[in-house]
Amino acid sequence: MIEVLIAVLTALLILVGAGFALVAAIGLTRLPDVYTRMHAASKAGTVGSGLMLLAVALHAGDLSTLARALAGFFFFVLTAPISAHLLAMAAHKRGYPLHEKSVRDELNDYRN
Amino acid sequence: MNTLILRTVAPVLTALMLLFSVFVLLRGHNEPGGGFIGGLIAASALAIYGIAFGVSAVRRAIRFHPMAIAGSGLLLATLSGLVSIFAGVPFMTGLWIYPEILGVEVPLATVMSFDIGVYLVVVGAITSIALALEQEE
Amino acid sequence: MAANAPALTFIVLFLPILAAVLAPGLTRFLGDRAAWVLALAPALAFLHFCTFLGEVAGGEVVTGGYAWVPSFNLSFSWFLDGLSLTFALLITGIGTLIVIYSGGYMKGHPDQGRFLAFILLFMGAMLGLVVSDSFLMLFVYWELTSITSFLLIGFDHEREAARRAALQALVVTGGGGLCLLAGLVFLWNITGVTQLSLLVHLENGLRESPFYLAALVLVLAGAFTKSAQFPFHFWLPNAMEAPTPVSAYLHSATMVKAGVYLLMRLNPVMGQTPAWEILLPFFGGITLISGTLLAVRQTDLKLMLAYTTMASLGLLVMLTGFGAPHAVEAAVLYLIAHSLFKGALFMVAGTVDHETGTRDLTKLAGLRAAMPITFGAALLAALSMGGLPLFFGFLAKEEIYTALAAGNPRAVFFTGLAVAGNALMFAIAFAVGLKPFLGPRIETPKHPHEGPAALWLGPVVLAALGLLAALFSGLAHRYVSSPMASAITDQKVTVDITSMPHLGLPLMLSIITMVLGALVYWRLDTARALMVRALENLGPGPDRGFDRLICGLVRLSVAVTRFVQPGRLEIYITATFILLALTLLVPPLVFGELPGVPAWPQNLLVQEAAFLLIALIGILAVVRATDRLTAIVSLGIQGFAVAVIFLLFGAPDLSFTQFMVETLSVVILALVMTRLRLSPRDHRPVGQMLFDAVVATACGLGFTLLLMKSVEAPFDNLLTDFFNAYSKTIAHGANVVNVIIVDFRGTDTLGEIAVVMITGLAVLALIRVRAGSRTGSGEGR
Amino acid sequence: MTAAQMILSSALWLALVVLGLSFLLTVWRVIKGPTLPDRVVALDMLVGIVIGFIALIAIRTGFTLYIDIAISLGLVGFLATVAFARFILAQGRGDETVEE
């Protein structure tokens, strides 16, 4: 009984993760400019992969794999926003344009 | 490239990665890992630290010139091969001893010191390349 | 005496070399008297070899030695028979006198210690050469003599001419040495024997074998370059740049005779064949005539002696190869006589030069009052060289004429040649021995007076020996000439010519030679003028040919280097890849080993197909990319896809490394791009791109064919079984891949990490050079 | 085939397809991406998806040791993105670089 429960839970995690990954990919393709695409990639993508790692942790059951999976998840979730942040800063500083429909550019206002 | 966020996270990240790289190195004999991959991870960790704090910080952090690290690694690897002379077996034969440390039987071997040698060489060489490339900035 | 002989002889062989090592220290400590002490070494060696005279005269052969490299049946062994014993006595005897003479000649010279060391080193090498038994030992000592002669000729290294002469001598004799090595290897293969003592008594095998001619030519090349025979003679006169003791010792008595020694040693085995009896007399004859004619042209005492030495060597080679019964005895007698009188004359020339400051014949006269003893020795030596009765030279000349004078036209031709040669040598002998001492005295740069004892002792002893040997010819023949002659012809020969002239054709020929010689001596100046004019229209000699050869070689190497190393990286890389493509494509095409068309894989899993597709897309992206950076990033995709495929096929270690390497290379490439500030646009013209594309596809095709070929064969899992079985037991590790890398194939990994380190060093150096040039150019602007 | 394994394998198969699709979309962005940052973002995304793949394969084959590869890939992916970010900052928009 418990085994079916875990299997269902893992399957659920996997499917939700995959869904997030798909959403991220679609976002990446359809969104107009660099900065919006970064939203999709870093947030949805990270969550998607993170859930997958959790699924593995749950499915495996023995302590060492659980620990490593959690470490992986934690590490991955930690680095993704930082890399997005760095990338956005660099792109903006180099003057890559925002989409013309974008309403405000707070970083620009803050700079000057 | 010294944004505040990166500078705060970089030390933690580098420490974590170095720890992970040593972990991968030491357990390499029975599971995927080993000197080469451990070295690569350590080199990436130092690269991140370099990007965050600049080259001089890295040189201060590792205290020795990266090429010296690579050199000592090569020396260690060769010596661990030469140890077999005393055991009267051909060059590069793995010698195993099982000392009792704190009640736990710890298998030590020339093979492991050889792997550590490989690890040091890889770290030394790649870090020196990365630092040399970033030298000018 | 023979009982403990091996150990004693072994020590004696190394005595001169030991003395050479002590020479510099002794000279600093004892000053000019060191030479007398150092002369003890060759003197002791001389006495030691004298003890064997009795045995060898009785026909026995003294051998001994130690195993050097048993696995190649190579031994440090020696072999004393008549031939080698006489040579050993000559080397050590004249060597003692030369060391004493150098002490006097080099008095006060700052580098006297170094000079004596080189002379003694040479003596050790030459002694080893004439005494060695195994082929390799002979070759090693042969090359040692070339090297020590290089050191001695170039002793006065400030002078450019000395350096050039030394280099020329080394190149010619060294080249000859290599031919000799090849010849010896041939002999080794044909006869399967490595010992000269065994080779000499070998009956069959050598003369009939198809390789005989090749071996002969190679050995002759070695002998002719060493003994300055006609085409290779030009280095000997140039070797006169060396100090006179060197010329007296190396370039007259011992070293140049090594070639003759070799021919005499191989005569019993390689002699008596048509090739031997044509080549040797032919080259010997030309060298004899050209040597004497060129000698007449010279005015410098040492050069005249050098050319006559060349001529005498030609005569010796001619006699050794002549094949008539008495020819070998003539060669033996002439060799001994030549060593004695030529050594003496050279030392006289050295004393004259040392005392008067000049060696030019036309500026020297009337020295008899100032240097009586030297004049006496010079006269005796000249008489022996001229071949006048009561002297050893006369015995040798008589024996030559008895050997050559025979009915057939070949003998007549060579007799005429010998008479002409000897006549000219008669004239030169008296020109050097007599002319500077006769007539009224001409003023010379330095006021001449008799040198110290060291300077006149050598010439007097040698010249006196020339006389005594003739008077006591019976004794000389029994102990020296007969054993030597029988060693050369490998059967019992007794030389019995006495100094009492007996009527007959040889005596008549000797008288003609003397008359002709006197005539040429009397009209020497006109003869010289004649020769000068004759040589003008003859054109440049081989000496200038040698220079042109060397300059040509230098220019060729510069051109080749400029072609192969143009200094532009893309040329190196393109060349490397073209070669790679050729090595991969040509052999299968040539040997028809192309793999068959592989069957389409049926059970391809969904994800495997997906990642293969992705890898393909990655490659397309790289190729289509307009700027370099996109290409780098797309390269990342392709790498990831391959890594995942490794993962799918259950190779975690491999995929682990692939991921790491892939990302790190992308990072480093990006770093390089920023550092070198390369423009992202790719500026190659279309033609260049096409060419690069072709090379790239060729390499790719080559690798694919290679892989298909290797996959075609059934998978041989011998290795996998071995490693699986033993990885746990021997290497205590479950991860077979890592165990292989670190334990089983540890040495390979050692090599690989060395390569990784060297790459790191190279990158460091390159970047520092670039940084240097940039900052350098910075200041420049 | 117990019920649990049934559910699990079908979920895995579906997830694999979905991830494959998103991988292709990301690769399309890497190729099309007009500007460099686009491509770098896509590459970063790629790393995430591959980690997902590794997790899936780990569950399917039971080889839990793949997780280490996922972790290290995460680290190195981060390094790549950071390096590229720095490169964009230093390198400019690609028009004012001087041809060496």
Side-chain angles (χ1 to χ4, degrees), chain C residues 605-607 609-611 613-618 620-622 624-630 632-634 636-638 640-641 643-644 646-648 650 652-681 683 735 770 774, chain D residues 13 16-17 19-21 23-24 26-28 30-33 35-36 38-40 42-43 46-47 49-51 53-54 56-58 60-61 63 65-70 72-100:
Chain C
L605 292 171
V606 165
Q607 62 267 32
F611 277 101
L613 186 69
I614 291 165
L616 218 60
I617 296 168
L620 280 177
V622 170
R624 216 180 53 74
T626 46
D627 68 89
R628 288 195 175 112
L629 212 73
T630 332
I632 294 175
V633 172
S634 348
I637 304 168
Q638 200 262 344
F640 274 10
V644 169
F646 283 149
L647 203 62
L648 294 178
D653 270 276
L654 208 53
S655 63
F656 208 153
T657 323
Q658 174 74 10
F659 274 129
M660 307 298 294
V661 165
E662 196 56 49
T663 330
L664 269 177
S665 56
V666 163
V667 165
I668 290 186
L669 266 172
L671 275 177
V672 165
M673 288 284 291
T674 48
R675 183 59 195 288
L676 300 181
R677 284 198 176 59
L678 296 178
S679 89
R681 291 289 169 278
H683 294 285
N735 174 355
R770 193 178 170 76
R774 175 161 296 141
Chain D
W13 190 81
L16 268 175
V17 167
L19 269 184
L21 189 63
F23 193 98
L24 279 175
T26 326
V27 163
W28 179 77
V30 167
I31 296 163
K32 182 176 174 308
T35 63
L36 179 59
D38 289 322
R39 292 197 175 90
V40 175
L43 195 68
L46 217 58
V47 167
I49 292 170
V50 166
I51 289 178
F53 261 117
I54 295 174
L56 282 184
I57 294 160
R60 218 155 85 94
T61 55
F63 281 130
L65 45 86
Y66 284 168
I67 300 294
D68 298 339
I69 303 174
S72 59
L73 186 58
L75 308 182
V76 177
F78 168 69
L79 174 66
T81 321
V82 168
F84 269 108
R86 203 166 142 284
F87 169 68
I88 296 166
L89 201 65
Q91 189 245 359
R93 297 263 309 283
D95 31 32
E96 77 265 83
T97 51
V98 63
E99 169 56 318
E100 198 48 38

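Chain A is the first sequence line, chain B the second, and so forth, proteins listed ahead of strands; every chain is numbered from 1.
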Given the options Val40(D), Thr61(D), Leu46(D), which has more heavy-atom pairs under 4.5 Å with chain C than any of the others?
-> Leu46(D)
Heavy atoms, side chains only, cut-off 4.5 Å: are Ile617(C) and Leu24(D) in contact?
-> yes
How many angstroms lie between atom CZ of Phe659(C) and atom CD1 of Ile54(D), to the nearest 0.5 angstrom?
-> 4.5 Å
Under 4.5 Å to a heavy atom of chain D? For Ile637(C) that would be both
Atom CZ of Arg39(D) and atom CD1 of Ile632(C): how far apart are they, to the nearest 0.5 Å?
-> 12.0 Å
Going from CG on Leu647(C) to CG on Leu73(D), what distance comes out if it is rounded to the nearest 0.5 angstrom?
-> 10.0 Å
Is Phe656(C) close to Ser72(D) at the side-chain level, that is, under 4.5 Å between some pair of heavy atoms?
-> yes
Which distance, rounded to the nearest 0.5 Å, do you find between the CZ of Phe53(D) and the CZ of Phe640(C)?
-> 13.0 Å
Pick one of side chain, backbone, both or neither for Val50(D), based on which atoms fall under 4.5 Å of a heavy atom in chain C.
-> side chain
Any Leu79(D) side-chain heavy atom under 4.5 Å of Leu664(C) side chain = yes
So which heavy atom on Ala80(D) is nearest to which on Thr663(C), and how close?
-> CB-CG2, 3.6 Å
